[in-house]
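What follows is a short report on a single structure.
Both ligands and their constituent atoms are indexed starting at 1 by order of listing.
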Amino acid sequence: MPGVPDSELRPTTARPLRVAVIGAGPAGIYAAEALAGQDDVPVAVDLIDRLPTPFGLVRHGIAPDHLKMRALRETLHRTLDDERVRFVGNVEIGSDLTLEELRRHVDAVVYTYGAAGDRRLGIEGEELPGSLAATDVVAWYCGHPDADRPLVEAAVARARDVVVIGVGNVALDVARVLSRSPGELATTDMPQHVLDALAAAPVGRVTVLGRRGPAQATFTTQELRELDTLTDATVLVDPADLELDPAAEEAMGRLVARNLAVLRGWTGHVGSPGRVSLRLRFHARPVRLLGRDRVTGVEVERTTVDADGRATGTGEFEVLPADLVVRSVGYRGHPLPGLPVDERSGTVPNEGGRVLRAGTVSPGEYVAGWIKRGPTGVVGTNKHDARETVAGLLADAAAGRLQPGGDVDDLVDSLVARGAEPVLLADWRAIDAAEVALGATRGRPRTTLHERAALLAAVRTAVTGSARPR
Ligand code: NAP
């Protein structure tokens, strides 16, 4: 780096390479795993999260009825148990510690804090009560401490006609969870108030809207098929929505062909009283949400899709009744104080995981996961992604391209000294045990603690007599 003597760029060999990973979701844990899983350079990784709990979207994003996928936590836990990795939860970069202060403690930082915001539709009526972002609904049913309970529960309580906008996997998750019977959700770890609110919701019709055709839908076949296994819901599809011209039929790939085969198998279904009608609609572009004090409907325009997959309005409009609209049109990354995020893509500008500031690689700063590449792919996609980033970091360390942090106090000691309450691995284990114990009182494997105060109380109860939670 120009202007900096080489000697100042090389970490000393007497101590391990210190790396802070910000965000203990799958991308962060896979980055920590890639760092701890190599023997060339001794490492000490601080895996920081603003929540007192690890696992990010595996805990607060994967739908609670996807028990097998949520069991991925056990695999991810192996990395938390690695002695080279230290979980440091309940610490927010920006408020508990600035990025600049953090960087004094470490040789490199990897940003893996994901994309927690929601993309906007940009249409009239979007802000009406009863119109929710999928991120709000998902946070609520997963028991995220920051979920807006009153907002979601007021909408769910009157949700007879539900319209879910978007045909990605999140849209299917929301549609499926809202259509499930209480019995189907009983074995999940959803907070009790969520189970109660869902059991009381008057859901009768759920319509999932694709603005383009079935060939452009981003849901995956397994998630699609699952809709037809719900005990109290019937999946409905209009055959006219599935018509493809011969060229499009010819050009479609395997995933699309599989999805179409599943959808075509449902065109003969008919709804029946007492069962939720779960309808998948395509070629229906939302143009505005209707209602005065709260949402009452969605106006859609029929579209056709050209050979490049672009939708064009046909001028045919229709109104779908709706008491609850869930906008499931993708996630969006936000800036961390002191870190640039590209306004358009919602990602941190980077080159193969090396953060760019003003178009130039910033020494010692890296990015992985959704905040690197955008909100796409399945959980496993982050493994490859994190490995690419860590390979760059280790290559930079070997070449002396990092800016080593000073040998200042230990990060956790310094956080405690400023009044923060970091939650470490043993503390997380106490939370984990408290959730399992709470679940057992209701005959369930686990019940998620959904309030920050309750999570921290579980830590404090486990360490009564200690000056601070360990
Ligand atoms: P997504 O797959 O990008 O889907 C977003 C949907 O919103 C698309 O159908 C998109 O349609 C639609 N959309 C965007 N803007 C719109 C607008 N203005 N009007 C109407 N529709 C609009 O995103 P996601 O569902 O949020 O999922 C995020 C990632 O998480 C994906 O990679 C997903 O596979 C993954 N995920 C996986 C699972 C699982 O494996 N079970 C579960 C949940 C999430 P266009 O294509 O026309 O833009």
| message | Taking the side chain as everything from C-beta on, heavy atoms only, tell me whether T234 gets closer than 4.5 Å to V270. | response |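 A side-chain contact is absent here, since even the closest heavy-atom pair is not under 4.5 Å.
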
Name every donor-acceptor pair, under 3.5 Å, that has one atom in a side chain of residues 157-168 and the other anywhere in the protein, sequence neighbours excluded.
from	atom 1	to	atom 2	distance (Å)
D161	OD1	R205	NE	2.7
D161	OD1	R205	NH2	3.3
D161	OD2	R205	NH2	3.4

| Is the F87-W428 ring centre distance short of 6.0 angstrom? |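 Ring centres of W428 and F87 not closer than 6.0 Å.
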
| Is the centre of the Y30 ring less than 6.0 Å from the centre of the H384 ring? |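 No, the ring centres sit 6.0 Å or more apart.
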
| request: Specify whether F55 and H77 have parallel, tilted or perpendicular ring planes, treating 30° as the upper limit for parallel and 60° as the lower limit for perpendicular. | output: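 Rings of F55 and H77: tilted, as their planes differ by 30° to 60°.
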
Does ligand 1 have any N/O pairs with the protein under 3.5 Å, and how far apart?
from	atom 1	to	atom 2	distance (Å)
ligand 1	2 (O)	T218	OG1	2.8
ligand 1	4 (O)	T218	OG1	3.3
ligand 1	7 (O)	S328	O	3.4
ligand 1	9 (O)	V167	N	2.9
ligand 1	15 (N)	R211	NH2	3.4
ligand 1	18 (N)	R211	NH1	3.4
ligand 1	25 (O)	N169	N	3.4
ligand 1	25 (O)	V170	N	3.1
ligand 1	32 (O)	G377	N	2.7
ligand 1	32 (O)	G377	O	3.2
ligand 1	34 (O)	N169	ND2	3.1
ligand 1	41 (N)	E223	OE2	3.0
ligand 1	46 (O)	R212	NH2	2.7
ligand 1	47 (O)	R211	NE	2.9
ligand 1	47 (O)	R212	NE	2.7
ligand 1	48 (O)	R211	NH2	2.7

| task | Could you walk me through whether N382 and R387 pass the side chain to side chain contact (heavy atoms under 4.5 Å, CB included) test, one step at a time? | result | CA-CA 8 Å; N382 294 300; R387 279 186 185 157; over 6 Å; no

